[in-house]
Amino acid sequence: MLVIRNPPKKLTEQWLKVNTDKSVEFRQVSLWGQDLIILNFIGEEKRFESVMRDFIDDSSESEILNIQGESPLSGLQLQNAGRVRLSENILLDGQTTVLIAGPCAVESGEQIEAVAHTLSELGLRFLRGGAFKPRTSGYSFQGRGVDGLQDMRSAADRHNLSVVTEVRSETEVEVVAAYSDVIQVGAKSAYNFTLLREAGRTDKPILLKRGFMMTVQEFLQAADVILAEGNGNVVLCERGIRTFETATRFTLDLTSAAKMKRMTHLPIVIDPSHAAGDRSIISDLARAAVALDIDGLMVEVHPAPERALSDSAQAFPLHDLHGLKSSVQRVCEAVGRRLV
Ligand code: PEP
Ligand code: MN
């Protein structure tokens with residue numbers, strides 16, 4: 001695959017058709033303030049590269065990057081460190097770790113208000129909560145839809161917080177984008193390419209969760225589907241993968257998180273809650289996660305965990321969030337990050 005950074009104007013799809021042949025896929029995208037042309041060859045890469053080198057004048061600003069693999073935009077060759085903006089005030093600059101917290105689902109105005117109030121008292125900025133819940137069982141609570149989004153938006157606005165919420169289907173992207181600041185694409189949707197593309201067409205940052213049967217390579221390819229639509233604000237979220245282990249809900253793949261730091265420039269958030277499925281081990285996992293020098297932590301909290309309508313067993317008590325934050329903060333400081 002060749003990526004041409006700042007391509008010359010005369011490099012068009014038409015030019016390629018005339019001067020090479022039709023076995024090249026052409027895609028143009030503007031990302032991170034750069035114009036990029038991605039050329040995917042069906043065979044004969046070397047020949048195309050020399051055609052390109054002859055075509056592009058050495059003195060121009062154009063740059064040809066020959067990228068191996070299937071995720072050129074999330075790979076390290078397109079270095080973008082520090083440029084993902086999660087909100088107006090929060091730039092993931094490699095020195096900041098965000099603590100995103102909130103219930104699995106927005107259950108009522110009172111519940112989300114209680115959470116938002118505590119978050120703002122603790123100086124946190126990001127409120128999470130699902131309004132469209134893709135539950136494994138079609139019979140369990142599916143979320144409150146637009147009512148839930150409205151309750152969360154109001155609570156967040158009262159406390160000056162940003163909203164992180166999941167989109168479940170491409171038909172809901174517009175409404176979710178209207179009420180949220182960061183759009184979450186969940187683990188069960190990480191292979192839904194129509195949804196990934198629609199999410200990529202919005203101007204909201206996308207928190208992409210790793211599918212629980214997804215390899216790291218597939219995860220980065222999914223991120224590329226969003227990036228290729230021109231949305232550069234993509235954050236990867238490790239939330240546990242399915243393994244042979246049954247003592248925990250999933251296995252938090254910190255190994256892959258460490259590896260991903262060396263494979264992508266995209267920021268990494270870790271969600272210990274869905275991996276754990278058990279609130280008693282969240283603090284330990286949260287500290288282990290931020291020790292990896294990552295960009296964010298996402299934790300499910302609830303004012304009354306035992307009564308949570310979804311993911312009750314992993315819901316961390318809201319009134320203990322202060323303690324969790326302090327212990328995580330110490331680890332962040334040890335790795336040279338500020339926690340917000
Ligand atoms: C969630 O964050 O509430 C959620 C459904 O997570 P996941 O997609 O990781 O299962
Ligand atoms: Mn959940």
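Only this structure's heavy atoms are used, side chains among them; waters, hydrogens and symmetry mates stay out.
- Judged by distance alone, the side chain of Ser256 and the main-chain N or O of Val216 form no donor-acceptor pair under 3.5 Å.
- In this structure a side-chain-to-backbone donor-acceptor pair under 3.5 Å is present from Arg27 to Ala228.
- A donor-acceptor distance shorter than 3.5 angstrom exists from the side chain of Gln111 to the backbone of Ala105, with no hydrogens or angles considered.
- Between the CZ atom of Arg249 and the CD1 atom of Ile281 there is a distance of 12.0 Å, given to the nearest 0.5 Å.
- Checking Ser312 against Glu306 by side-chain atom types alone, no donor-acceptor pair falls below 3.5 Å.
- Between the side chains of Gln221 and Asp224, no donor-acceptor pair is found at a separation under 3.5 Å.
- Two residues are said to be in side-chain contact when any heavy atoms from C-beta on lie closer than 4.5 Å; Ile90 and Phe126 meet this criterion.
- Of the residues listed (Glu172, Arg128, Gln184), the one engaging Glu166 in a side chain to side chain contact (heavy atoms under 4.5 Å, CB included) is Gln184, and it is the only one.
- What you find for Phe141 and Val106 is that their closest heavy atoms are CZ-O, 4.2 Å.
- Under a cut-off of 6.0 angstrom, the local environment of CZ in Arg307 is sparse, with at most 12 non-hydrogen atoms contributed by other residues, nucleotides or ligands.
- Between Val328 and Ala286 the shortest heavy-atom distance is CG2-CB, 3.9 Å.
- A donor-acceptor contact closer than 3.5 angstrom links the side chains of Asp93 and Thr96.
- Screening Leu266, Asp295, Leu86, Leu208 against Val235 for a side chain to side chain contact (heavy atoms under 4.5 Å, CB included) leaves a single residue, Leu86.
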Item to complete: Check step by step if side chain to side chain contact (heavy atoms under 4.5 Å, CB included) holds for Arg5 and Ser62.
Response: CA-CA 6 Å; Arg5 205 198 309 254; Ser62 303; over 6 Å; no
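- Note on Glu107 versus Arg144: no salt bridge recorded, every NZ/NE/NH1/NH2 to OD/OE distance being 4.0 Å or above.
- Atom CG of residue Leu321 and atom CZ of residue Phe316 lie 7.0 Å apart, to the nearest 0.5 angstrom.
- Glu238 places a side-chain N or O within 3.5 Å of a backbone atom of Gly240 that can act as its donor or acceptor partner.
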Practice prompt. Please test Gln28 against Asp35 for side chain to side chain donor-acceptor pair (under 3.5 Å), starting from the C-alpha separation and ending with a verdict.
Written response: CA-CA 7 Å; Gln28 190 150 20; Asp35 287 328; over 6 Å; no
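- Using a distance-only test at 3.5 Å, with no hydrogens or angles considered, no donor-acceptor pair links the side chain of Thr264 to the main chain of Met260.
- Between atom NZ of residue Lys204 and atom CD1 of residue Ile183 there is a gap of 7.0 Å, rounded to the nearest 0.5 Å.
- Without hydrogens or angle criteria, Arg287 side chain to Ala291 main chain gives no donor-acceptor distance under 3.5 Å.
- Side-chain N or O atoms of Glu245 include one that pairs as donor or acceptor with a backbone N or O of Ala247 at under 3.5 Å.
- Between the side chains of Asp278 and Ser280, at least one donor-acceptor pair of N or O atoms lies under 3.5 Å.
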Practice prompt. Evaluate salt bridge (charged side-chain N to carboxylate O under 4.0 Å, His left out) for Asp253 paired with Arg210, printing each intermediate quantity in order.
Written response: CA-CA 10 Å; Asp253 192 3; Arg210 179 180 179 188; 2.9 Å; yes
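- With rounding to the nearest 0.5 Å, the separation of CD1 in Ile282 from CG in Leu324 is 8.5 Å.
- Nearest heavy atom pair, residue Ile268 against residue Ala257, reads CD1-O, 3.8 Å.
- Shown here are the ring-ring contact (aromatic ring centres under 6.0 Å, His included) partners of Phe55, two or more places apart in sequence or in another chain: Trp15.
- In this structure a side-chain-to-backbone donor-acceptor pair under 3.5 Å is present from Thr165 to Gly129.
- Among residues two or more places apart in sequence or in another chain, the ring-ring contact (aromatic ring centres under 6.0 Å, His included) test is passed with His319 by none.
- Under a cutoff of 6.0 Å and an axis angle of 45°, Arg239 and Phe250 form a cation-pi pair.
- With hydrogens and angles ignored, the 3.5 Å screen pairs no side-chain donor or acceptor of Ser140 with any backbone N or O of Thr136.
- Across all their heavy atoms, Ala275 and Thr248 have their closest contact at O-CB, 4.0 Å.
- Judged purely by distance below 3.5 Å, without hydrogens or angles, the side chains of Glu121 and His159 never pair a donor atom with an acceptor atom.
- Atom CD1 in Ile4 sits 13.0 Å away from atom CD in Gln34 (nearest 0.5 Å).
- Looking at Asp271 and Lys209, a side-chain N of the basic residue comes within less than 4.0 Å of a carboxylate O on the acidic one, giving a salt bridge.
- For Thr202 (side chain) and Ala177 (main-chain N/O), no donor-acceptor pair under 3.5 Å exists by modelled atom type.
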Item to complete: Decide salt bridge (charged side-chain N to carboxylate O under 4.0 Å, His left out) for Arg337 and Glu333; before the verdict, give the C-alpha distance in whole Å, the side-chain angles of both, and the deciding distance to 0.1 Å.
Response: CA-CA 5 Å; Arg337 295 241 180 191; Glu333 280 158 18; over 6 Å; no
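- Environment of CD in Gln77: crowded, with over 12 heavy atoms of neighbouring residues, nucleotides or ligands closer than 6.0 Å.
- Look at Arg279 and Asp320 and you find no salt bridge, because none of the NZ, NE, NH1 or NH2 atoms lies under 4.0 Å from a carboxylate O.
- Here the closest non-hydrogen pair linking Leu227 and Trp32 is CD2-CZ2, 3.7 Å.
- The structure places CE of Met213 at 10.0 Å from OG1 of Thr243, a figure rounded to the nearest 0.5 Å.
- Contact check for Ile64 versus Ile56: side-chain heavy atoms found under the 4.5 Å cut-off.
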Worksheet item: Given Arg197 and Glu170, is the salt bridge (charged side-chain N to carboxylate O under 4.0 Å, His left out) satisfied, shown in steps?
Response: CA-CA 9 Å; Arg197 272 192 284 273; Glu170 60 274 14; over 6 Å; no
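- Residues meeting the side-chain hydrogen bond (donor to acceptor under 3.5 Å, both in side chains) test with Asp181, sequence neighbours left out: Arg153.
- Inspection of the Gln142 and Arg135 side chains reveals no N or O donor paired with an N or O acceptor under 3.5 Å.
- Nearest approach of Leu65 to Leu78, heavy atoms of both residues: CD1-CD2, 3.9 Å.
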